[in-house]
Structure formats: structure tokens, C-alpha cells
**Q** 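Got a structure for you, questions after.
When a ligand or atom number is given, it counts from 1 through the structure's own listing order.
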Amino acid sequence: MNLDLNLNKILIIDFGSQFTQLIVRRVRELGVYSELVSHKKIKSSQIKSNTKGIILSGGPLNVYQLNNNLFDNTILKLNIPILGICFGHQILSKFNGGKVKQSRHREFGLANIYKKNDSLLTKNFFNKKEKKVWMSHADQVYKLPKKFKVIGSSTNSKYAIVENIEKKFFGVQFHPEVTHTENGKTIISNFIFNICKIKKNWSSKDQKEKLIKEVKKQIGNNKVICALSGGVDSSVVAQLLNKAIGKKLYCIFVNTGLLRKNEENQVVKTFKKRLKINLIYINAEKEFLKKLKNVSDPEKKRKIIGNLFIKIFERYAKKIKNVKFLAQGTLYPDLIESRSVTGSQTSKIKSHHNVGGLPKRMNLKLIEPLKFLFKDEVRKLGLELNLNKEIISRHPFPGPGLAIRMPGIITSEKIKILKEADHYFIKALKDHDLYNKIWQAYAALLPVKTVGVMGDNRTYEYLCLLRAITSEDGMTADFFEFKKSFSQMISNKIVNSIRGINRVVYDITSKPPSTIELE
Ligand code: XMP
């Protein structure tokens with residue numbers, strides 16, 4: 001099921017640079033819709049008149065490897081303005097008669113760049129004599145094609161910024177999309193507004209209205225079900241559909257008993273009471289606990305929880321007659337296939353969103369209204385849709401919940417202790433203004449007991465592990481450094497307030513080699 005946004009756009013052709021997604025985001029941040037396509041898949045015949053400009057990304061290839069299977073170079077003849085970045089810049093030179101070769105001095109990191117000529121692309125960019133830009137290349141253009149002019153040079157790259165004004169081709173050897181490049185956004189802004197002459201068409205308000213209209217059209221008079229987890233993505237999907245189709249939406253929220261403290265109450269309060277969403281609340285705590293009895297293997301835990309979740313969801317979904325769609329919170333990065341130049345699928349579909357084989361089994365069509373959006377765009381859309389900040393800025397929470405933060409067997413006593421510890425930790429982060437500086441934080445309960453002393457008594461209780469990390473996307477992570485006073489306060493609070501814990505440790509491993517969750 002495709003949402004055809006049919007907007008004027010800037011098309012980003014991905015050649016495998018690690019920064020490609022940043023280009024898409026920068027264009028969108030400037031208020032213009034942009035889409036990402038793989039260099040292997042896009043053909044010039046597919047590029048329609050609503051593509052107002054093209055950006056060729058960087059990438060690890062050598063331009064002389066680009067045969068017809070890897071890139072349809074007739075795209076360069078469409079008479080659409082093109083900005084080539086790094087490898088993209090080398091492509092523009094090569095296909096216009098210039099020459100590229102391995103540079104004697106590879107440039108990685110910051111470089112100074114100097115103005116040589118005026119250009120529309122660099123308007124307001126050179127506001128001082130030299131400019132710091134981020135370079136990351138081994139090859140470089142050494143012979144410029146005819147009718148190309150040098151706009152800027154660095155010590156090692158004579159042709160660091162070039163243009164062919166007739167063809168509206170622009171090339172930059174550095175990366176304007178990364179924040180290390182001073183004023184890099186000006187280059188992108190000049191390209192899209194002054195050269196491509198595209199108008200702003202992308203704000204959370206625009207998205208809200210367009211998405212509601214599209215979703216209404218798609219769904220018609222049919223019914224939709226949605227698995228609500230209380231996380232950001234499923235909450236935004238639910239509220240968007242609520243605004244679009246009201247009571248034809250049925251949200252199912254399964255309380256697995258493995259949620260954070262009071263989470264089920266908050267979900268019911270927000271969605272049923274405040275937003276008046278059709279919410280079916282299922283308390284399946286006992287069922288989950290029974291199935292998980294004496295299971296300690298992490299993969300078994302995950303499978304049991306995943307399968308039972310689907311079974312319960314299906315049980316209730318079947319009671320709603322004539323449902324045609326299942327709504328999911330799939331995001332744009334989940335769909336982008338070619339983050340690597342091999343075109344391999346790098347993103348993993350989140351297990352909680354992807355409600356197993358359900359759509360096929362129940363003969364449902366999928367509806368994924370957020371599939372064009374990045375996470376930060378989803379957050380803004382959520383605010384536009386009147387969701388509260390607390391939901392929007394929530395840390396990610398895994399589908400299997402507290403089960404994978406409790407190595408070893410799961411008991412209701414352990415769940416109770418862990419919910420308390422996690423609650424105190426998260427509350428302290430919020431009270432000390434740290435919550436939004438941290439990408440994800442949680443408490444875990446380790447299956448070991450250690451000796452302690454409280455008053456005159458010896459204690460023998462569980463070990464609580466705290467984890468707090470900073471990250472961009474959860475693929476890599478680093479531990480957050482707390483001040484001693486905070487660490488002291490939270491360890492005292494947990495040990496003194498919770499019966500069952502007498503020692504607190506802090507996880508100081510990054511990902512890799514560790515993962516964010518314990519199991
Ligand atoms: P790891 O532990 O793999 O976690 O470093 C990376 C991110 O993914 C989340 N995570 C999950 N999310 N279902 C989910 O929806 C899952 O089964 C699952 N396992 C891990 C984790 O919380 C972190 O944000």
C-alpha cells in the first residue's frame with residue numbers, strides 16, 4: 001500500500017556514503033520534501049517533472065567502476081540541476097569529460113577552503129576568507145571538464161567547489177551535510193532554493209494535513225486495527241488515524257506485565273480518556289508470566305513473548321468484524337534499502353511493530369503512514385497532533401520489555417522490584433534534567449545476590465544494574481557519564497527504598513562490543 005505524496009522534491013541518489021541520510025534530513029529541515037533512492041535502482045525514465053533537483057551523494061566506489069548496471073548516466077541529461085557531493089562531484093566531472101584519480105594526499109577531517117570565484121551556490125557561504133569544511137576522500141578531480149569553473153579550493157583539492165552554470169551542475173569535494181562543515185547548510189539551501197527554485201512544502205503542519213487526507217482516501221469506510229505500545233511511533237500512528245478516521249480505528253494495547261511502572265494506566269489515561277481513541281485494553285499479565293515460568297534462555301524468552309503477543313492480539317482483533325487494514329509505525333530509515341553501496345538492507349524491522357505474520361494470516365492490508373518520515377519528524381508530527389511531550393520524548397522501550405532486563409528466570413517478585421528501581425532511576429533523570437540528554441536509560445535486575453550491611457544487619461539481596469547511553473540511532477552507543485553526586489544519590493535512593501536490592505552498579509560498556517539491552 002503506497003502513500004503517493006506527489007510533492008515537488010529533491011531527489012538524493014545514494015552511492016553508499018555514511019552521510020547520505022543526513023543530506024535527506026538537511027533538505028527536509030530546510031522545509032523541502034526529499035527522497036532517497038539507490039544508484040542501482042533509479043533510471044532516468046522514472047524521474048518525473050516533480051523532481052526539481054538531484055543530489056548525488058558520496059560513496060566508497062571509484063568513478064571508473066560506474067557501468068550502466070550501477071548508474072544510469074542518462075540521468076545527467078535530464079536538464080535538472082544537480083549537486084554532486086564528494087563522490088557525486090567526481091561523477092559530474094568524469095561524465096562531462098574531466099578526469100579523476102587517487103590523490104597524493106588523502107583528505108580526511110577538517111580542511112580550509114578558499115574562495116576563487118562567485119557562485120549562486122556559495123552565496124553567503126564565504127563570510128570570511130577561509131572556511132572549515134569536512135573532507136573524506138581518497139580520489140579527487142584533477143582535470144576539470146570544459147565549461148566548468150572553480151569556485152573554491154583547499155590546500156589539497158584545487159577543484160573543491162566547481163560549477164557549470166549552463167547545465168546547472170555543481171560539485172563540492174567536501175560534505176556540506178555534516179555539522180562539522182561551517183555553514184554547510186547554506187550550500188544546500190542555495191542549491192535547493194536559488195538554483196532548483198523549489199518552494200517550501202515540508203513542515204509538520206503540512207505533513208499532518210497531507211497524511212490525514214491520504215489516509216482517509218486509502219481507508220475509505222473500512223476498519224483499521226493498530227497495536228499500540230505506548231512508544232512514540234505507534235502513538236503517533238494511532239493519533240494520526242484517530243484524527244483521520246475516528247471510530248473506524250481500533251487500537252489494541254496488550255499489558256504483558258513486563259511494562260514500566262504504571263505504564264498501562266498512562267496509556268489508558270492518554271489514549272482512551274484524553275484523546276478518545278477506541279482503545280481495547282487487554283490485561284494479559286498472568287498469561288505471560290505463566291508461559292515464561294522457569295525460562296531463562298534470552299532467545300526463548302523473546303520467542304515466547306513475541307508469539308504470545310501475536311496470539312492475544314489476533315484473538316481480540318478477530319472479534320472486530322470486517323477489518324481490512326493493520327496499521328504499523330514503520331519509519332523511513334526502516335525502508336531505505338541502500339545505506340551500503342551493495343544495496344543490502346541494513347535496517348532491521350522492529351519486532352514489536354512488525355506484528356509477525358499477522359497481516360497475511362488475517363488477510364489484512366498494511367498501512368504505514370509514517371514510512372516517509374524520520375524519527376525527529378515523527379516527534380514533531382506527534383506534537384502537531386496534540387500528543388503530550390512526555391510521550392514524544394520517550395526513550396525507546398523494547399517489545400519484550402522488562403523480561404530482557406532481568407537475566408535468568410522471571411518471577412512476579414523480581415518484576416515488582418525491577419519496576420520500582422527503574423521508576424526511581426527514570427524519575428531522578430527527569431528531576432535532574434538529564435532524561436533528554438540521554439538516548440535510552442533503564443534499570444536491570446541481575447540474577448545474583450550479594451552481601452551488604454544495613455544498620456546492624458547483614459543483607460543478602462539482588463544486584464541492580466543501571467544503564468544510560470547516548471546514541472544517534474541505537475546502532476552504536478556510548479555510556480553516559482554521571483556526576484558522582486548523581487550516582488551517589490540514585491544508588492542510595494534505590495537501596496534505601498527498595499526491599500530486595502542492596503547493591504547498585506553502573507554499566508560502562510559501549511555498543512559495540514556490548515548491546516544496549518542485556519539480552
Ligand atoms: P540492542 O540491545 O540490540 O538494542 O543494542 C538496540 C535498540 O533496540 C531496542 N530493542 C528492541 N526493540 N523489540 C523492540 O521493539 C525488540 O525485541 C528489541 N530488542 C532491542 C533496544 O531497546 C534498543 O533501543
Side-chain angles (χ1 to χ4, degrees), residues 226-238 252-260 263 267 288 291-292 295 297-310 312-313 326-331 333-335 339 345-358 368 370 374-376 378-379 391-407 410 418-419 422 425-426 429 435-446 465-480 507-519:
C226 171
L228 186 67
S229 72
V232 183
D233 308 339
S234 71
S235 300
V236 175
V237 168
I252 300 182
F253 175 73
V254 181
N255 177 4
T256 58
L258 299 160
L259 306 170
R260 286 166 284 210
E263 193 161 359
V267 168
F288 276 90
K291 278 264 188 229
L292 287 165
V295 178
D297 179 77
E299 274 316 294
K300 273 196 192 141
K301 281 184 188 173
R302 281 176 173 275
K303 282 216 175 84
I304 290 170
I305 295 169
N307 290 338
L308 186 56
F309 184 89
I310 288 174
I312 292 173
F313 186 86
L326 173 74
Q328 285 197 165
T330 315
L331 305 191
D334 298 329
L335 293 184
R339 258 174 42 181
Q345 186 128 12
T346 48
S347 58
K348 74 175 184 242
I349 305 291
K350 287 164 257 171
S351 53
H352 204 98
H353 281 149
N354 185 7
V355 198
L358 211 56
E368 299 171 305
L370 308 182
F374 288 103
K375 190 87 176 184
D376 48 337
V378 171
R379 292 204 161 102
I391 293 179
I392 297 304
S393 56
R394 269 188 145 186
H395 288 174
F397 188 70
L402 300 183
I404 58 170
R405 294 177 176 175
M406 199 185 299
I410 296 166
L418 179 53
K419 278 190 178 186
D422 189 69
F425 185 35
I426 299 299
L429 293 178
Y435 187 79
N436 290 328
K437 298 190 175 109
I438 289 168
W439 197 81
Q440 190 170 8
Y442 66 83
L445 199 68
L446 301 189
L465 173 142
L466 301 181
R467 186 132 170 83
I469 54 105
T470 54
S471 175
E472 280 278 317
D473 53 9
M475 304 300 280
T476 57
D478 200 0
F479 72 91
F480 185 82
D507 189 340
I508 52 162
T509 32
S510 55
K511 172 184 178 177
S514 271
T515 50
I516 296 174
E517 301 292 344
L518 295 190
E519 295 191 324

**Q** Which of these passes side-chain hydrogen bond (donor to acceptor under 3.5 Å, both in side chains) with Asp233: Lys375, Arg379, Gln328?
**A**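 Looking at Lys375, Arg379, Gln328, the match for Asp233 under the side-chain hydrogen bond (donor to acceptor under 3.5 Å, both in side chains) is Lys375.
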
**Q** Which atoms of ligand 1 sit under 4.0 Å from any heavy atom of Pro400?
**A** 13 (N), 16 (C), 17 (O)

**Q** For a side chain to side chain contact (heavy atoms under 4.5 Å, CB included) with Ile312, tell me which candidate from Val254, Ile252, Asn255 qualifies.
**A** Val254

**Q** Spell out, as yes or no, whether a donor-acceptor pair under 3.5 Å connects the side chain of His395 to the backbone of Ile438.
**A** yes

**Q** So, Arg467 side chain and Gln440 main chain: donor-acceptor pair closer than 3.5 Å or not?
**A** no

**Q** Taking the minimum heavy-atom distance to atom 15 (O) of ligand 1, which of Gly306, Ala403, Gly399, Ser229 ranks first?
**A** Gly399

**Q** Before giving the answer on side-chain contact (heavy atoms from CB on, under 4.5 Å), spell out for Leu258 and Leu292 the whole-Å C-alpha distance, their side-chain angles and the decisive distance to 0.1 Å.
**A** CA-CA 11 Å; Leu258 299 160; Leu292 287 165; 3.9 Å; yes

**Q** Provide the number and element of each atom of ligand 1 under 4.0 Å from a heavy atom of Arg302.
**A** 16 (C), 17 (O), 18 (C), 19 (N), 20 (C)

**Q** Please walk me through it: do Ile426 and Tyr435 pass side-chain contact (heavy atoms from CB on, under 4.5 Å)?
**A** CA-CA 7 Å; Ile426 299 299; Tyr435 187 79; 3.8 Å; yes

**Q** Please work out which of Gly231, Gly474, Pro398, Ala477 has its closest non-hydrogen atom nearest to atom 12 (N) of ligand 1.
**A**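 Ranked by closest heavy atom to atom 12 (N) of ligand 1, first place is Pro398.
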
**Q** Please work out, at 4.0 Å between heavy atoms, whether the side chain, the backbone, both, or neither of Trp439 comes within that distance of ligand 1.
**A** side chain

**Q** Going by heavy-atom distance to atom 22 (O) of ligand 1, choose the closest among Arg467, Arg405, Glu517, His395.
**A**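 Nearest heavy atom to atom 22 (O) of ligand 1 lies in Glu517.
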
**Q** Going by an N to O cut-off under 4.0 Å, is there a salt bridge joining Glu517 and Arg302?
**A** no

**Q** For Lys511, counting its heavy atoms only, list the atoms of ligand 1 lying under 4.0 Å from any of them.
**A** 1 (P), 3 (O), 5 (O), 6 (C)

**Q** Does ligand 1 have a heavy atom under 4.0 Å from the side chain of Pro396, from its backbone, from both, or from neither?
**A** side chain

**Q** Which of the numbered atoms in ligand 1 are below 4.0 angstrom from a heavy atom of Thr515?
**A**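 Counting from 1, the qualifying ligand atoms are 1 (P), 2 (O), 5 (O).
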
**Q** Looking only at N/O atoms, are Ile516 and ligand 1 under 3.5 Å apart anywhere?
**A**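 So ligand 1 has an N or O lying under 3.5 Å from an N or O of Ile516.
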
